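Okay, so here's the structure we're looking at.
Proteins get letters first, then strands, A, B, ... in listed order; numbering begins at 1 in each. All values derive from a computational prediction rather than experimental measurement.
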Amino acid sequence: MPELPEVEVTRRGFADRIAGARIEAIRVGKPLRWALSVDPGLLVGRTVRGVRRRGKYLLVDLDLGLLLLHLGMSGSLRFDASLPAAGAHDHFDLVTSQGTLRLNDPRRFGAVVYVEDEASPLAGKLLGGLGMEPLGDSFDFEAFHAGLRRRRAPVKQVLLAGDVVVGVGNIYASEALFLAGIRPTLAASRISRPRALRLHGAIREILARAVDRGGSTLRDFSNVDGQSGYFQLEATVYGRAGEPCRICATPIRQLRQGQRSTYFCPMCQKS
DNA sequence: CCCGACACCTGCCGGC
DNA sequence: TGCCGGCAGGTGTCGG
């Protein structure tokens with residue numbers, strides 16, 4: 001469910017509302033991908049300073065330490081003054097003076113991890129290898145092109161790996177490559193400078209547009225207020241195998257790359 | 001160092 | 001209707 005746009009939409013939905021709140025209680029459900037790594041009781045009484053995003057991680061800054069939050073494949077957050085009793089897939093509640101932040105995650109690939117600071121070994125393991133942020137000013141084209149040039153793997157998989165640029169998941173990788181007219185199987189190292197420039201722009205455009213639209217709802221994404229996004233209404237290739245390309249009407253093709261589905265138009269993405 | 005395969009877990013869908 | 005295989009938006013780890 002959550003790629004960068006969904007995570008960012010989620011962040012914007014509760015960052016201002018939770019800032020300044022005092023942690024009253026924490027409820028932990030079934031195990032997530034990693035243990036919280038702190039006695040929840042120790043966090044009671046601390047203050048939430050704000051919420052940042054790095055790649056697909058949310059960083060909830062406290063007056064002492066921070067929580068790293070990841071939504072995995074199926075996670076979503078709600079934030080409300082009052083929430084119903086925890087359901088089977090509600091695995092983490094952060095109860096604060098300004099509302100409860102709740103993680104619902106059926107597959108439990110997500111995580112909530114406490115670290116003392118971003119320089120800690122655990123934070124370093126999770127955040128240390130992340131690539132450039134695609135939105136904002138830090139997404140440098142020269143560095144992006146250099147990152148592509150040193151990789152022989154298919155460009156789709158380099159985008160997904162997240163060590164060159166973060167936030168591009170399986171949906172938006174296909175979408176961005178379509179917009180840039182690049183075949184997903186092309187070795188990243190073989191992408192020409194002009195085409196890398198198009199891809200750089202396409203990534204920014206696709207992600208920014210999805211954030212504006214409120215994220216994707218291919219299956220079940222909803223924002224912190226429980227409303228769904230509607231980017232899927234304009235997916236050009238993702239999930240459209242066999243359907244006509246919106247540009248040239250050629251049937252969209254699907255293939256497997258690294259255990260993931262990729263979609264592309266064989267005409268519009270010749271190489 | 002780079003790469004691909006695998007692992008984690010639950011739900012849903014299509015086919016028989 | 002029921003069961004089974006395959007698939008799903010992520011990413012750390014491991015072996016080659």
Dot-bracket, 5' to 3', for DNA chain C please: Watson-Crick or G-U pairs under 3.5 Å, [ ] where pairs cross earlier ones, | where the partner sits on another strand, dots elsewhere.
.|||||||.|||||||
Can you check the [X] [atom1] to [N] [atom2] distance for me, whole Å?
X	N	atom1	atom2	result
A/H70	C/dG12	NE2	C1'	11 Å
A/L68	C/dG10	CG	C1'	16 Å
A/L159	B/dC3	CG	P	13 Å
A/R54	C/dG10	CZ	C1'	16 Å
A/Q157	B/dC2	CD	C1'	12 Å
A/R108	C/dG12	CZ	P	19 Å
A/W34	C/dG10	CH2	C1'	9 Å
A/D105	B/dG11	CG	C1'	12 Å

Nearest-nucleotide pick for [X], side chain only, options being [options]:
X	options	answer
A/M73	C/dG10, B/dC2, B/dG11	C/dG10
A/R152	C/dA8, B/dC2, B/dC3	B/dC3
A/H89	B/dT10, B/dC3, C/dA8	B/dT10

Partner set under salt bridge (Lys or Arg N to Asp or Glu O under 4.0 Å) for A/E116, not counting sequence neighbours
none
I want to check one thing: is the phosphate of [N], taken as OP1 and OP2, less than 4.0 Å away from some side-chain N or O of [X]?
X	N	answer
A/Y172	C/dG10	no
A/K30	B/dT10	yes
A/S261	C/dA8	yes

Tell me the salt bridge (Lys or Arg N to Asp or Glu O under 4.0 Å) pairs involving [range], sequence neighbours left out?
range	result
residues 82-94 of chain A	A/R27-A/D93, A/D90-A/R102, A/D93-A/R102
residues 187-203 of chain A	A/E142-A/R193
residues 125-140 of chain A	A/R53-A/E133, A/R54-A/E133
residues 63-86 of chain A	none

Could I get the full list of ring pair (Phe, Tyr, Trp, His ring centres under 6.0 Å) partners for [X], not counting sequence neighbours?
X	result
A/H70	A/Y57
A/F79	none
A/F14	none
A/H145	A/F141

What are the atom names and distances for every N/O pair under 3.5 Å that joins the protein to nucleotides 6-8 of chain B?
none

Tell me, yes or no, whether the heavy-atom count around A/D16 atom CG, taken from other residues, nucleotides or ligands under 6.0 Å, exceeds 12.
no
Strand-adjacent residues in residues 120-130 of chain A, judged by heavy atoms under 4.0 Å from DNA chain B
none
Closest heavy-atom contact between A/I203 and A/A176?
CG1-CB, 3.9 Å
For A/R260, report the nucleic acid contact type (base, sugar-phosphate, nothing); a contact means any heavy atom under 4.0 Å.
base
Would you classify A/P154 as touching base, sugar-phosphate or nothing, given that sugar-phosphate means primed atoms plus P, OP1 and OP2, and contacts are heavy atoms under 4.0 Å?
sugar-phosphate
For A/N104 and A/S76, does a side-chain donor sit closer than 3.5 Å to a side-chain acceptor?
no
